[in-house]
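Beneath this line is the structure, given in C-alpha cells, with notes to follow.
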2 protein chains.
Amino acid sequence: MIKIDIANALMASYPCSRATALQCVDLLTERMKQALLDGHRIEIRGFGVFEPRPRKRGMGRNIKTGTTVEIPKGKSIRFKPGKDLRDIDME
Amino acid sequence: MIKIDIANALMASYPCSRATALQCVDLLTERMKQALLDGHRIEIRGFGVFEPRPRKRGMGRNIKTGTTVEIPKGKSIRFKPGKDLRDIDME
DNA sequence: GTTGGCGATGTCGATCTTGATCATGGAAAG
DNA sequence: CTTTCCATGATCAAGATCGACATCGCCAAC
C-alpha cells in the first residue's frame with residue numbers, strides 16, 4: 001500500500017478529487033513528521049504511538065571496511081503498535 | 001500530539017468541521033491498520049514504512065511469576081523512519 | 001518518463017519484546 | 001467543556017532483533 005491507496009480510501013468515504021486526497025494525506029504525514037522532528041510523541045489510540053527516542057548505541061559496522069564505525073546521530077523514531085495491531089495472529 | 005492535533009492541522013488547510021477532520025484521520029488510520037493486519041506493507045516516501053514482520057522469538061519473562069514465559073504470537077509491526085525522519089540530530 | 005528514496009548485505013552490541021498490574025491520560029459520550 | 005472508560009507506560013529478565021555504512025536495483029513520487 002502506497003500513498004495513492006490511502007488517498008483512494010479517503011476518496012471512497014469523502015468524495016473529492018484525487019489531488020485533494022493526496023494533498024490531505026501529504027499534509028497529515030508532513031504534520032506528523034514535523035511533530036516528531038520537534039521531539040513530540042504522537043499517540044493514536046487503537047493504532048499506535050510514534051516516539052522520538054535518543055539512541056544510546058554508538059557503534060555500527062561497515063561491510064566493505066570491516067571496521068567498527070561510530071554512529072554520530074543519537075535519535076530515532078520508534079513506532080509502538082497499538083492494541084489492535086498487536087493482536088496479530090500468525091498465519 | 002494526539003489525534004485532535006492532527007485533525008486541527010487538517011482543518012487549518014482544509015476548512016471543515018472538527019468532526020469531519022477527526023473522521024478523516026480515523027479513516028486513514030483505520031485503513032492503514034487494516035492493510036497492516038492484512039499483511040500489506042505501507043510505504044510513504046519521505047515519511048516511513050510500516051511493515052508486518054514475522055517474529056521469530058518465542059520466549060520472554062513475566063515479573064510476577066518470575067518464570068520464562070513463551071511468546072505465542074509471531075508477528076509485529078515495524079515502522080522504519082524515512083529519510084526525513086532518520087536525519088535527526090540530537091539536541 | 002525521470003528522479004531519487006528504499007531494500008538488501010554483514011558484523012556485533014545495544015535495544016526491544018513479551019506478560020501482568022496500577023496509574024495516567026487519550027478518546028468518546030453527555 | 002466535563003466526566004467516564006479503557007488503552008498505554010513502566011517494570012523485570014532473557015534472548016532474538018535492529019542499526020549503521022556503502023552500493024546497485026527497484027519502485028514510489030512527480
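Just so we're on the same page: letters track the sequence lines, and every chain starts at 1.
Following rounding to the nearest Å, A/Ile42 (CD1) and D/dG9 (P) show an atom-to-atom distance of 14 Å. Atom CD in A/Glu51 sits roughly 9 Å away from atom C1' in D/dG9 (whole-Å rounding). Atom CD in B/Glu43 sits roughly 10 Å away from atom P in D/dC27 (whole-Å rounding). Rounded to a whole Å, the CD atom of A/Gln23 is 15 Å from the P atom of D/dA29. The separation between B/Lys83 atom NZ and D/dA20 atom P is 15 Å, rounded to whole Å. Taking atom CD1 of A/Ile77 as the reference point, atom P of D/dA20 lies 12 Å away to the nearest angstrom. Look at CE on B/Met1: it is 14 Å from C1' on C/dG26, rounded to the nearest Å. Separating the CZ atom of A/Phe79 from the P atom of D/dG19 is a distance of 14 Å, rounded to the nearest angstrom.
Residues A/Asp26 and A/Ile44 each lie close to DNA chain D; by heavy-atom proximity, the contact nearer the 5' end of the strand is made by A/Ile44. For the pair A/Gly48 and B/Arg18, nearest-nucleotide mapping onto DNA chain D gives the more 5' position to B/Arg18.
Contact check, B/Lys80 against C/dG7: a side-chain N or O comes under 4.0 Å of OP1 or OP2. The side chain of B/Arg41 places an N or O atom within less than 4.0 Å of a non-bridging phosphate oxygen (OP1 or OP2) of C/dG7. The shortest distance between the side-chain N/O atoms of A/Arg78 and the OP1/OP2 oxygens of C/dT17 is below 4.0 Å.
Applying the side chain to side chain donor-acceptor pair (under 3.5 Å) rule to B/Lys33 yields the partners A/Asp84, B/Glu30; only residues at least two apart in sequence or on another chain are considered. Listed by chain and residue number, A/Glu43 satisfy the side chain to side chain donor-acceptor pair (under 3.5 Å) test with A/Arg41 (two or more places apart in sequence, or in another chain).
Taking the six-membered ring where the residue is Trp, B/Phe50 and A/Phe50 present perpendicular rings, their angle passing 60° and hence far from 30°.
When atom types are taken as modelled, the side chain of A/Asp38 and the backbone of A/Gln34 share no donor-acceptor pair closer than 3.5 angstrom.
A donor-acceptor contact under 3.5 Å is formed by the side chain of A/Arg45 with the base of D/dA7.
Of the candidate nucleotides C/dA28, D/dA7, D/dA28, D/dA28 has the atom nearest to the side chain of A/Ile2.
Taking CD1 of B/Ile6 as the start and CD1 of A/Ile44 as the end, the distance is 3.5 Å to the nearest 0.5 Å.
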